[in-house]
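The next block holds one structure in the form of structure tokens; read it before the comments.
One-based numbering along the sequence shown. These numbers come from the heavy atoms of this one structure, side chains and all, not from hydrogens, waters or symmetry mates. For ligands, and for the atoms within them, numbers begin at 1 and follow the listed sequence.
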Amino acid sequence: MTHETVKIGIIGAGLWGTNHALALTTYSRSTVLLICDCDEGRARTLAQRFGCAWTTSLDQLASSDVDAVTIATPDHLHAEPTLAMLRAGKHVLVEKPLATSVSEALAMTEAAEASGLKLMVDFHARWHPLFMSAKGYVERGELGAPVMAYARLSDTIHVPTEMLNWSGHSGPEWFLFPHTMDVVRWLFGRNPVEVYAKGYRGVLESRGIECWDAIQTMIEFEGRAFCTFETSWILPNSYSNVVDNRLSISGETGGLELKNEPSLWAFTDRFHTPFSSTSVTRYGKVWGYQYESIRYFVDCVADDVMPEAGGRDGVMVTAMIAATLTSLAERRPVTIAEVLGG
Ligand SMILES: NC(=O)c1ccc[n+]([C@@H]2O[C@H](COP(=O)([O-])OP(=O)(O)OC[C@H]3O[C@@H](n4cnc5c(N)ncnc54)[C@H](O)[C@@H]3O)[C@@H](O)[C@H]2O)c1
């Protein structure tokens, strides 16, 4: 069935839910009807800004006539709203990570598959022109078979200590690894096999936030290709950008170096490098890859197409992170089959 415009509800009216609203209210194929947040003030403020209704009740959203919902609740709180909306017959776009446990990720994916509804995870790096360009090199065979990669995505300590009020329920692994792990798996076109990790903790714990400070995890993929994933949540705030993101990838016959953040160097009253995910408005709408993934989900619902970056991709990323945490706890290599229960 195709729709003229897709009627949408947004769950989670915080920082990233605001980006969902910006993407969806400036797209011709979607109409945002309802914004839901358990915090009444946040729900009302965002709804008033975008001229739609608001609620604090998932049940009210479930019984509304929205076709689809987008979910931007904290990392550890994705499963309940996703399952509730799938039960109510709504298509779901959920923020990364799909879930913070393999059992929840599998339950969400199996519920979507059983219902035939669309479930997409917002792995938006796949919609970034830089990473799309890299995928083109791989697809044209210009790198040869994948051999190795190094992927770094870190935040300044501002993110866990000032930006998020739930960082102790997540960690750099759940908040940041989903982007790099999904994109490397997508570029390699291979599934992960085995994981071995080292981590450091103490800096955030000394500030009352119970999570890892920094992790390096080496993941072997099918065909013996491997990647070192690095993340830190304690980069000093003196770093020129809130995010540090780079990737190198080598194949048997070629390689690529991608530097995503910092990308723009500004010399004004000071030297700084603005975060490229900050919204830029021109020609009457917000632009950026972080909006394109959300609008792509609308297209999939409107055109009745199963989205890329679906539940099974979310399960594999959750499994890579879960295996990393088991490796850190038990100081040994951990197979993906083990965390998937295989
Ligand atoms: N794609 C990206 O690059 C990107 C960037 C930032 C955040 N995110 C993701 O977006 C999600 C939200 O992050 P954020 O920074 O917006 O957090 P936030 O704390 O700013 O907002 C979360 C909101 O969810 C609400 N909420 C919590 N439980 C709820 C429930 N059961 N029902 C309804 N509302 C509920 C909270 O009241 C809050 O307003 C996270 O999963 C995060 O990883 C993605």
I'd like to know if the side chain of Trp16 pairs up with that of Glu95 as donor and acceptor (distance under 3.5 Å, no hydrogens or angles considered).
yes
Nearest-neighbour protein heavy atom for atom 32 (N) of ligand 1, which is reported as residue plus atom name and distance:
Ile11 CG2, 4.0 Å
Number the atoms of ligand 1 from 1 as they appear, then name those within less than 4.0 Å of a heavy atom of Phe175, with their elements.
6 (C), 7 (C), 42 (C), 43 (O)
Contact check, side chains of Lys135 and Arg126, non-hydrogen atoms, under 4.5 Å:
no
Just go through Asp37, Ile35, Ile294, Leu61 and tell me whose heavy atom is the nearest to atom 37 (O) of ligand 1.
Asp37
From the candidates Trp174, Trp16, Tyr289, the one that places a heavy atom nearest atom 6 (C) of ligand 1:
Trp16
Going hydrophobic residue to hydrophobic residue with side-chain gaps under 4.5 angstrom, can you get from Ile215 over to Leu247?
yes
Taking atom types as modelled, is there a side-chain donor on Ser154 or Ser232 under 3.5 Å from an acceptor on the other?
no
For atom 22 (C) of ligand 1, which of Gly17, Ala72, Gly12, Ala43 has the closest heavy atom?
Ala72
In the protein, what heavy atom is nearest to atom 19 (O) of ligand 1, and what distance, to one decimal place, separates them?
Trp166 NE1, 2.8 Å
Would you mind checking which non-hydrogen protein atom is closest to atom 40 (C) of ligand 1, with the distance to 0.1 Å?
Asp75 OD1, 3.1 Å
Among Ala125, Ser293, Cys38, Pro178, whose heavy atom sits nearest atom 26 (N) of ligand 1?
Cys38
Considering non-hydrogen atoms of the protein only, which is the closest contact for atom 38 (C) of ligand 1, and what is the distance?
Arg42 NH1, 3.1 Å
Report the part of Gln290 (side chain from C-beta onward, or backbone N, CA, C, O) that has a heavy atom under 4.0 Å from ligand 1; answer both or neither where that applies.
neither
Ignoring angles and geometry beyond distance, decide whether His124 reaches within less than 3.5 Å of ligand 1 through its nitrogen or oxygen atoms.
yes
Close approach, His179 and ligand 1, non-hydrogen under 4.0 angstrom
yes
Just checking, any donor-acceptor pair under 3.5 angstrom between side chains of Glu173 and Thr231?
no
Please determine if Thr73 has a nitrogen or oxygen closer than 3.5 Å to a nitrogen or oxygen of ligand 1.
yes
Atom of Arg49, atom of Thr18 and distance for their closest heavy-atom approach
NH1-CG2, 3.5 Å
Walk me through whether Phe175 and Trp233 qualify under ring-ring contact (aromatic ring centres under 6.0 Å, His included).
CA-CA 10 Å; Phe175 193 71; Trp233 246 3; 5.6 Å; yes
Going by the atom numbers of ligand 1, which of them fall below 4.0 Å from some non-hydrogen atom of Leu77?
28 (N)
Which is it for His78 and ligand 1 at heavy atoms under 4.0 Å: side chain, backbone, both or neither?
side chain
Proximity to ligand 1 by part of Leu58, non-hydrogen separation under 4.0 Å:
neither
With a 4.0 Å heavy-atom cut-off (strictly under), which part of Thr18 contacts ligand 1: side chain, backbone, both or neither?
neither
For atom 10 (O) of ligand 1, the closest protein heavy atom turns out to be Glu95 CG, 3.2 Å
At less than 4.0 angstrom from any non-hydrogen atom of Leu164, what atoms of ligand 1 do you find?
15 (O)
Backbone N or O of Thr109 within a donor-acceptor pair of the Arg312 side chain at under 3.5 Å?
no
Determine whether Tyr27 and Val6 make a side-chain contact, defined as any pair of heavy atoms from C-beta on separated by less than 4.5 Å.
no
Could you tell me if Thr100 and Asp75 have a donor-acceptor pair between their side chains, going purely by distance under 3.5 Å?
no
Could you pull out, from His76, Glu80, His20, Glu40, the option with a heavy atom nearest to atom 31 (N) of ligand 1?
Glu80
Applying the side chain to side chain donor-acceptor pair (under 3.5 Å) test to Tyr150, which of Glu230, Gln216, Glu257, Arg246 qualifies?
Glu230
Are any non-hydrogen side-chain atoms of Glu194 and Thr335 less than 4.5 angstrom apart?
yes
Starting from atom 20 (O) of ligand 1, what is the nearest protein heavy atom, named by residue and atom, and what distance separates them?
Leu15 N, 2.9 Å
Identity of the nearest option to atom 24 (O) of ligand 1, non-hydrogen atoms only, from Pro97, Gly14, Cys36, Pro74:
Pro74
Taking atom OG of Ser170 and atom CD1 of Ile209, what is their separation to the nearest 0.5 Å?
11.5 Å
